[in-house]
Amino acid sequence: VQLQASGGGLVHTGESLRLSCAISGDFVSANSMAWYRQSPGKEREEVARMHPIGSTVYADSVKGRFTISSDNAKNTVYLQMNSLKPADAGIYYCNRLMSQWGWGQGTQVTVSS
């Protein structure tokens with residue numbers, strides 16, 4: 001399975017980004033998927049998850065600002081990030097929730113204050 005994350009960039013506090021993660025080799029619709037973030041000096045953490053039935057769960061730090069979604073026809077998972085803060089900066093990865101595939105290169109998000 002290959003994961004291709006994209007959409008990161010440099011934004012100012014309060015701005016938005018939409019991350020995409022294209023999956024090849026398996027089906028988004030068959031897996032619980034998640035977005036993870038690794039900030040400098042910190043462990044990789046889960047920020048949002050989505051189950052095949054459509055239910056979602058968010059980390060407290062992003063609740064109300066981030067939205068995870070998917071397009072099964074495109075086999076792609078998205079993360080809409082609004083009202084970005086400097087604390088949201090890091091490398092963002094997507095992967096399935098359990099028995100994760102290889103991580104891919106992720107996409108860098110930088111938020112300036």
Side-chain angles (χ1 to χ4, degrees):
V1 174
Q2 292 189 332
L3 305 169
Q4 183 68 44
S6 62
L10 170 63
V11 297
H12 294 102
T13 297
E15 294 183 341
S16 300
L17 282 172
R18 187 193 194 205
L19 307 184
S20 300
C21 180
I23 293 95
S24 57
D26 206 323
F27 295 101
V28 167
S29 59
N31 292 279
S32 292
M33 298 296 299
W35 281 95
Y36 302 83
R37 172 173 69 205
Q38 185 159 25
S39 302
K42 296 185 179 180
E43 296 289 322
R44 186 181 289 142
E45 61 176 337
E46 178 190 328
V47 297
R49 65 172 66 175
M50 181 174 67
H51 298 291
I53 61 172
S55 60
T56 57
V57 179
Y58 298 92
D60 287 343
S61 62
V62 307
K63 202 172 293 183
R65 300 187 298 120
F66 289 13
T67 303
I68 186 171
S69 63
S70 67
D71 184 331
N72 292 339
K74 296 182 178 179
N75 218 31
T76 298
V77 180
Y78 302 99
L79 186 68
Q80 177 67 44
M81 306 189 296
N82 297 330
S83 302
L84 282 161
K85 306 174 181 179
D88 297 319
I91 302 174
Y92 282 73
Y93 303 86
C94 76
N95 212 318
R96 65 180 178 182
L97 193 61
M98 304 294 290
S99 301
Q100 286 131 356
W101 302 306
W103 283 96
Q105 87 286 355
T107 187
Q108 177 76 51
V109 172
T110 305
V111 185
S112 65
S113 57

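In what follows, every heavy atom counts, from backbone to side chain, and hydrogens, waters and symmetry copies are set aside. None of these values were measured; they are calculated from a predicted model.
Taking CD1 of I23 as the start and CZ of R96 as the end, the distance is 11.0 Å to the nearest 0.5 Å. Separation of atoms CG (L79) and SG (C21) is listed at 10.5 Å; rounding is to 0.5 Å. One finds the CH2 atom of W35 at 10.5 Å from the CE atom of M50 (value rounded to the nearest 0.5 Å). To the nearest 0.5 Å, atoms CE (M33) and CE (M98) are separated by 14.0 Å. Separating the OG atom in S29 from the CD1 atom in I53 is a distance of 14.0 Å, to the nearest 0.5 Å. Taking OG1 from T76 and CD from Q4, the interatomic distance works out to 10.5 Å, rounded to the nearest 0.5 Å.
Residues A5 and Q105 share a closest heavy-atom pair of O-NE2, 3.1 Å. Shown here for P52 and S32, the closest heavy-atom pair between the two residues is CD-OG, 3.4 Å.
A donor-acceptor contact shorter than 3.5 Å links the side chain of D71 to the backbone of A73. Judged by distance alone, with hydrogens and angles left aside, the side-chain atoms of T107 form no donor-acceptor pair with the main-chain N or O of Y92 at under 3.5 Å. Formation of a donor-acceptor pair under 3.5 Å by the N95 side chain with backbone atoms of W101 is found in this model. The backbone N or O of N75 lies less than 3.5 Å from no partner atom in the side chain of N72, so there is not a single donor-acceptor pair.
Under a cut-off of 6.0 angstrom, the local environment of CD in Q100 is crowded, with over 12 non-hydrogen atoms contributed by other residues, nucleotides or ligands.
W103 and L97 fall within a single hydrophobic cluster, where Ile, Leu, Val, Met, Phe, Trp and Tyr side chains are chained together by heavy-atom contacts under 4.5 Å. Hydrophobic clustering of Ile, Leu, Val, Met, Phe, Trp and Tyr side chains at less than 4.5 Å, counting indirect connections, unites L3 with V109. Under the 4.5 Å side-chain heavy-atom criterion for grouping Ile, Leu, Val, Met, Phe, Trp and Tyr, Y58 is connected to V47 within one hydrophobic cluster.
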Identify all side-chain donor-acceptor contacts of residues 62-70 below 3.5 Å with residues at least two apart in sequence or on another chain.
{"residue": "K63", "atom": "NZ", "partner": "D60", "partner atom": "OD1", "Å": "3.0"}
{"residue": "R65", "atom": "NH1", "partner": "S83", "partner atom": "O", "Å": "2.9"}
{"residue": "R65", "atom": "NH1", "partner": "D88", "partner atom": "OD2", "Å": "2.8"}
{"residue": "R65", "atom": "NH2", "partner": "S61", "partner atom": "O", "Å": "2.7"}
{"residue": "R65", "atom": "NH2", "partner": "D88", "partner atom": "OD1", "Å": "2.9"}
{"residue": "R65", "atom": "NH2", "partner": "D88", "partner atom": "OD2", "Å": "3.4"}

Name each donor-acceptor pair under 3.5 Å that joins a side chain in residues 7-19 to protein atoms two or more places apart or in another chain, with its distance.
{"residue": "T13", "atom": "OG1", "partner": "S112", "partner atom": "O", "Å": "2.9"}
{"residue": "E15", "atom": "OE1", "partner": "H12", "partner atom": "N", "Å": "2.9"}
{"residue": "S16", "atom": "OG", "partner": "N82", "partner atom": "OD1", "Å": "3.0"}

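Looking at residues two or more places apart in sequence or on another chain, you find a side-chain hydrogen bond (donor to acceptor under 3.5 Å, both in side chains) between E45 and R37.
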Would E43 and Y36 count as a side chain to side chain donor-acceptor pair (under 3.5 Å) if you check the C-alpha gap in whole Å, the side-chain angles of each, and the deciding distance to 0.1 Å?
CA-CA 10 Å; E43 296 289 322; Y36 302 83; over 6 Å; no

